[in-house]
Each structure stands twice: as structure tokens, then as C-alpha cells.
Amino acid sequence: MSTRVRFAPSPTGRLHTGGARCALFNYLYARVTGGKFILRIEDTDVKRSSKNYLGDILDGLKWLGMEWDEGPYYQSERLAEYSAVAQRLIEEGLAYRDPEGSAAVYFKMPKVRVSWEDLIHGEISFDCSLLDDLVLIKSDGTPTYNFACVVDDVGLGVTHVIRGDDHISNTPKQIALYRALGKPQPKFAHIPLILGPDKKRLSKRHGAKSVLEYRDEGILSDALFNFLALLSWSPGDEREFMSRGEIIKKFSLKKVKKTAAVFDYEKLLWLNQQYLKRLGDEEAAEGFKRFLPSVERDSGFWLEFARLYKVRVRKFSEIKEAADFFFGDVKYDESAVKEHLFGEDKKNLLGGLFRRLESLQVWEIKELERVVREYAESGGREAKEIIHPVRVALTGRTASPGLFEVMVLLGRQTVLERLKRWVL
RNA sequence: GACCCCGUCGUCUAAGGGUUAGGACACGGGCCUUUCAAGCCCGAAGCGCGGGUUCGAAUCCCGUCGGGGUCACCA
């Protein structure tokens, strides 16, 4: 029988990191087993559900490249089914109506010990006599989570329930329901939660943002996919930088750890940079442009710009700060100016170079480098003694891509203009 | 509090009865170099604790401590 797994988010919030990782493991398991990845929307809480959240979830899944094979199914469209099943349980004497007279239906919790062989944790057992009778149908006629979940997992023929550890305590209740329904229970795999730096469950504060926010700050889909896969799972060897194909090929629930993982944003950035620097110049340029003012530059500029910067930032959004001097006037860093541009000597130095550059016909990397080095030599100086001040004059800072590349990208006019400010 | 789950460098992890406990991020140092990155090299850093079992325990068992999760007519 082929595997059927599902991701069943509730549209009461955006697709955050934890949800995305849960979806990912389901997705990977479906792909590695050649089964189906089903999407079900648990929208029975009408008051808290919203169209915006739903959109965020669907867009997030698509952006991460986790296309579902079936669905989305909506629980809000299956209310009649839940009522019918509840009715049947009442008739069989396994459930009863609210004695107070509301429309609520309760399940008679069997006072037995249940256990299951969890695919991640091994045997887990729980004494159901500790549990109260379970509300199946609320007084407003809508089903509760545990009930709708079981009815739908049965209806959709779900074979493996892969979900967060926080559902372990729901599992005994659901197993009791499967038994009452006379249906075989699926395999359960409870995957560890993702924790924040404070070792608490990931919250808004640190990382539980929508996956779309990662997209919007210039994290690559491939990188987040790769990073999420590595939380509580590893292929067993020492590989970390892996394509989707490799991950799908290697994924196995057996290699999923039992321990919760702390979400390390720094490592995500590192992984993202690994992807970024391997990007083609054209693609990288498009990514950078999203965070830059829209200015007219030819494609030659953008390709070179991307080539220089894709190894210097960890995510696209960092370009705004890193390369601001290309797209507006320079913001001079005070201490850099103080160190490299103060004094008569520096001004004379730059003045001499300014005159040589002014008369230069060819504005190319090699030629510029030749001129600067010759100029330095003629004055008995090391090249860096002139390169550093020029860099500060042109970029306002002490760190930038190679100076001659920068000079070419900036263009003759801008270079001479900025240099002139420090001459006299 | 009750119940359930879980403890390997700061973090992500590998190995799992006999290894100098391996890798990665971050951190420190070096090389390269016009600076910054990238890259390469080196370094510091870990089996929560206590008992067993065993010739031998990070690994198995028990306890303890610590962390997390769940205890809704929310999902």
C-alpha cells in the first residue's frame, strides 16, 4: 500500500518555521516512499481562521517548493460528516449527548492503557483512565480538533501521521477514537520541536516568523529547505550542503533524532551564503535589485556587481547597506576619513593621482591598476598607501570589493568627482 | 502539580560496549591579499550527575538532576 501523509495546518496563523519543518518532513517522507503528500486545512474554528493566514500558508509551501499532491481539503466543508460519525457513535453507545442539553457530544473515554510504536520514539504508553470524556462536537455543532482529525485521517486513508512532539499527548485520545470507529490506526511519528535560543518553543520573538518573511529578506528557498531538513535530521554522513534531490534521496524517519533542535539563525545565514555565492550572476543580480533603489544601469554593470557582491553578503537584503555608495552619495565613515584622508600629505597624494586619472583614456581594471601602482612607485610608496585613501574617498568606508573593480563600476565621472573632494 | 517526551562542544550534529569522541556554524589565530569577503590551514570547546552490569561504558539498566511538551466546547 502506498504511503499517504498529510500536513494539516490551521489557518489561525502564518506558516512559521515549526509548521514548515513539519510539512517538510511529511513532504520528504512522501517523496522518498513514492507516496502522496496531502494538504488539509483545519479551519473549524471560524472565528480565529482567516483567509490571509490561509494565503500565507499556501504561498509559503509553494515558495519552499513543497507542492502537495492532493487537496487542500477543508474541514469547514465537512461538518455534516463529523456530525454523522458522532451520531453513529451515540447509537453504538460509545458517545453521548451533553446532559445539560446543548448540541455537544461527548466520547466515553475507555479506562484502558494504550500504547503505540512511535516511529521516532519507540513504544509510548499512556493511561487513558487519567483522561476525562472527550468533547467530540462542540455546542455550536462544530467538531473538536481530535475528532475531526481522526475522522479525516480515516477518510483520507492517511497511513503515517508525522507531526510535532506536542501532539504526543493527543495521540492516546485519537487512538481511542480509532478503536471506537473500528478503523485501523496509522503509524505515528512524532518529530522534535524547534526551539528558540532560550530553549523554549520557537516564538515570534526569534524565528517563528512566516517563511515568507525569510523570502522577503532575501533568504533563498533552497537554503531554507536545506536548513530546515537538517533540524533533528541528518543524512548520517557529514554532508550539510545538499540539494533537494539529495535530501529526498537520503531522507529517512529512522535518522530523525528524538531531541529538539535550537534554531540557529547564524547557521541559516551561512548556508544561505553557500547558495548565494553559487548562484549565476544574472540570478544574483535580480535578487539584489529587489533591495536596491531602481536605477538605470546596463546589464554589464549588474552582472559584475553581482559577481563582486554575492560572496560578500549572506542574504540579499544586506546589499542595501553593503553597496549603498553605488546608488547615492557616499556616506563617509568618520573614523575611516580620519585615518586615511586627513592631512596635507594625503591631499597631495590624492591630487597627484587625480591628475593622472583625469588624463587617462581607457577606464578598465587593468589600466587603472597599472596607473595606481606606477603612481605609488614613482612616489616611493607602497600601493596600499594610496589604495586605502582612495577607497575611503570613493566608498566612504575601509571595506569594499577590489578597488579597481569598484572604480570601473562607479564610472570615470563619479570617481573623479569623489576624488576631487579630497584634493586641494 | 499530574502525565508524557528528551539529555554528545555555546548551537546543529556523527559514532554508539574498546575511537586521540568526528564534522559544521559561531569564536580565536594564521595563510592569501589593496581592504572586506570567499577560500585554505591551525586552535579552543562536549558525552548533566550518581550508582550499577561488564575485562571495558558516551553507548545497556536504575536513580537523580535538568530541559521541554500536554493537561480547553484552540488547533
Side-chain angles (χ1 to χ4, degrees), chain A residues 8-13 19 41-45 47-49 75 98 100 102-106 118 120-122 124-127 130-132 134-149 163-173 190 192-195 197-201 227 230-241 255 257-271 273-274 276-277 308-314 322 336 340 369 372-373 376 382-392 395 397-406:
Chain A
S10 168
T12 53
I41 306 300
E42 311 216 323
D43 55 353
T44 53
D45 185 344
K47 293 172 289 294
R48 293 203 305 141
S49 296
Q75 290 190 326
D98 178 13
E100 312 269 299
S102 81
V105 176
Y106 288 82
D118 195 275
I120 309 292
H121 295 275
I124 299 179
S125 76
F126 189 90
D127 187 359
L130 263 24
L131 265 22
D132 291 333
L134 205 66
V135 175
L136 260 26
I137 302 289
K138 295 178 262 182
S139 51
D140 67 0
T142 61
T144 55
Y145 161 73
N146 282 117
F147 185 51
C149 181
R163 66 199 350 175
D165 267 356
D166 52 336
H167 284 290
I168 287 179
S169 50
N170 281 322
T171 306
K173 304 173 190 172
H190 289 95
L193 299 177
I194 299 177
L195 274 25
D198 58 357
K199 299 285 184 79
K200 295 252 196 299
R201 197 172 165 174
F227 180 75
L230 257 16
L231 256 25
S232 295
W233 175 79
S234 86
D237 55 32
E238 283 166 355
R239 300 217 51 188
E240 294 200 299
F241 181 79
K255 298 291 287 180
K257 300 224 314 173
K258 297 175 179 178
T259 55
V262 172
F263 185 93
D264 183 0
Y265 188 66
E266 286 297 314
K267 188 151 185 177
L268 202 215
L269 288 179
W270 168 77
L271 197 55
Q273 184 180 49
Q274 295 299 310
L276 199 51
K277 72 184 199 192
L308 296 180
Y309 274 104
K310 66 186 183 183
V311 295
R312 268 170 255 260
V313 297
R314 296 183 298 173
H340 295 287
E369 177 158 13
V372 169
R373 288 192 188 281
E382 280 195 79
K384 61 178 155 191
E385 290 178 67
I386 175 111
I387 287 173
H388 291 324
V390 172
R391 167 176 290 111
V392 176
T395 70
R397 59 184 76 201
T398 55
S400 81
L403 182 66
F404 309 112
E405 282 88 343
V406 168

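So you know, we letter chains A, B, ... as the sequences are listed, proteins then strands, and number each from 1.
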| message | Over all strands shown, is A/Y106 touching base, sugar-phosphate only, or nothing at heavy-atom distances under 4.0 angstrom? | response | base
Distance, C1' atom - from B/U54 to B/G68, rounded to whole angstrom = 33 Å
What interatomic distance, in whole Å, is found between P of B/C5 and the corresponding atom of B/U19? 32 Å
Pairing partner of B/G28, by Watson-Crick or G-U wobble and under 3.5 Å for both distances, is B/C42
Against the side chain of A/I124, the closest entry in B/A37, B/C12, B/C5 is B/C5
Q.
Under a 3.5 Å distance rule, please check whether A/E385 uses its side chain to pair with a backbone N or O of A/E382 as donor and acceptor.
A. yes
Answer yes or no: side-chain N or O of A/T12 and base N or O of B/C74 forming a donor-acceptor pair under 3.5 Å. no
In whole angstroms, the gap separating P of B/C4 from NE2 of A/H190 amounts to 15 Å
query: If you measure from the C1' atom in B/A72 to the same atom in B/U13, how many Å do you get, rounded?
result: 37 Å
Any donor and acceptor pair, going by atom type alone, linking the side chain of A/R239 with main-chain N or O of A/F241 inside 3.5 Å? yes
Winner on side-chain proximity to A/E405, out of B/C4, B/U34, B/A15, is B/U34
Original post:
Looking for any heavy atom pair under 4.0 Å, which part of the strands does A/E240 touch: base, sugar-phosphate only, or nothing?
Top reply: base
Sorted by position of nearest nucleotide on RNA chain B, 5' first, the leading residue of A/R391 and A/A104 is A/R391
Rounded C1' spacing from B/G10 to B/G46 in Å | 10 Å
_Under 4.0 Å, heavy atoms only, any strand: does A/T142 hit a base, just the sugar-phosphate, or nothing?_
nothing
Margin query: Using a heavy-atom cut-off of 4.0 Å across all strands, would you classify A/L231 as base, sugar-phosphate, or nothing?
Written below: sugar-phosphate
Out of B/G67, B/A75, B/C36, minimum distance to the side chain of A/K199 belongs to B/G67
field: Pairwise C1' distance for B/C12 and B/A45, with rounding to whole Å
entry: 15 Å
Exercise. Anything under 30° is parallel, anything over 60° is perpendicular, the rest tilted; go ahead and classify A/F227 against A/F263.
Key: perpendicular
To the nearest angstrom, the NZ-C1' distance between A/K277 and B/A38 comes to 6 Å
Here the distance between atom P of B/C12 and atom CG of A/D264, to the nearest Å, is 8 Å
As its Watson-Crick or G-U partner within any shown strand, both distances under 3.5 Å, B/U20 has none
When rounded to whole Å, the CZ to C1' distance for the pair A/F227 and B/A24 reads 12 Å
| message | Any base atoms under 4.0 Å from A/G13, or only sugar-phosphate, or nothing? Heavy atoms, all strands. | response | nothing
- prompt: With respect to the phosphate group of B/U13, does any side-chain polar atom (N or O) of A/S232 fall under 4.0 Å of OP1 or OP2?
  reply: yes
Touch class at under 4.0 angstrom, heavy-atom based, for A/Y309 against every strand present
nothing
Between B/A24 and A/K267, counting only base atoms on the nucleotide and side-chain atoms on the residue, is there a donor-acceptor pair under 3.5 Å? yes
Apply side chain to side chain contact (heavy atoms under 4.5 Å, CB included) to A/E240 and A/L230, showing your working. CA-CA 7 Å; A/E240 294 200 299; A/L230 257 16; 4.1 Å; yes
Counting only heavy atoms not in A/D237 (residues, nucleotides, ligands), do more than 12 fall under 6.0 Å from its CG?
yes
Classify A/T398 by what it touches in the nucleic acid, base, sugar-phosphate, or nothing, heavy-atom distance under 4.0 Å. base
Testing B/A26, B/U13, B/U34 for proximity to the side chain of A/W270, the answer is B/A26
On a heavy-atom basis, the closest approach of A/P401 and A/V406 is O-CG2, 3.6 Å
Considering only heavy side-chain atoms of A/V262, the closest of B/C73, B/U11, B/A14 is B/U11
Output for pair (A/R391 CZ, A/T398 OG1), nearest 0.5 Å, gives 8.0 Å
Taking atom P in both B/C27 and B/U33, compute the distance separating them and give it to the nearest angstrom. 24 Å
Winner on side-chain proximity to A/H121, out of B/C74, B/C5, B/U70, is B/C5
Could you check whether A/A383 gets within reach of a base, just the sugar-phosphate, or nothing at all, counting any heavy atom under 4.0 Å?
nothing
Which of B/A37, B/U35, B/G10 is nearest the side chain of A/V311? It is B/A37
task: Would you indicate what A/L403 reaches in the nucleic acid, counting non-hydrogen atoms under 4.0 angstrom: base, sugar-phosphate, or nothing?
output: base
In short, A/A322 meets A/Y309 closest at the heavy-atom pair O-OH, 3.6 Å
Closest to the side chain of A/K255, out of B/G23, B/A14, B/G68, is B/A14
Q.
So A/Q273, base contact, sugar-phosphate only, or nothing? Heavy-atom distance under 4.0 Å.
A. sugar-phosphate
Query raised in the report: Which part of the nucleic acid, if any, lies within contact of A/K47, taking any heavy atom under 4.0 Å across all strands shown: a base, the sugar-phosphate backbone alone, or nothing?
Result: nothing
Answer for the Watson-Crick or wobble partner of B/G66, both distances under 3.5 Å, is B/C6
**Study point:** B/U70 phosphate, OP1 or OP2, under 4.0 Å from A/R201 side-chain N/O
**Key:** yes
Exercise. For B/C6 and B/G48, measure between their C1' atoms and round to the nearest Å.
Key: 13 Å
Atom CG of A/D165 and atom P of B/G69 are separated, to the nearest Å, by 11 Å
The reported gap from OH in A/Y145 to OG1 in A/T44 (rounded to nearest 0.5 angstrom) is 10.5 Å
To the nearest angstrom, the CG-P distance between A/L271 and B/G23 comes to 19 Å
Here the distance between atom P of B/G69 and atom CZ of A/F126, to the nearest Å, is 17 Å
Atom CG of A/L195 and atom P of B/G68 are separated, to the nearest Å, by 8 Å
- Message: Classify A/Q274 by what it touches in the nucleic acid, base, sugar-phosphate, or nothing, heavy-atom distance under 4.0 Å.
- Response: sugar-phosphate
- Query: How far, in whole Å, is B/A58 from B/U8 if one measures between their C1' atoms?
  - Reply: 7 Å
message = For a quick check of understanding: with a heavy-atom distance under 4.0 Å over all strands, which category does A/D98 fall into, base, sugar-phosphate or nothing?
response = base
Using a heavy-atom cut-off of under 4.0 Å over every strand shown, decide if A/L193 touches base, sugar-phosphate, or nothing. sugar-phosphate
Closest to the side chain of A/S234, out of B/U70, B/U13, B/U35, is B/U13
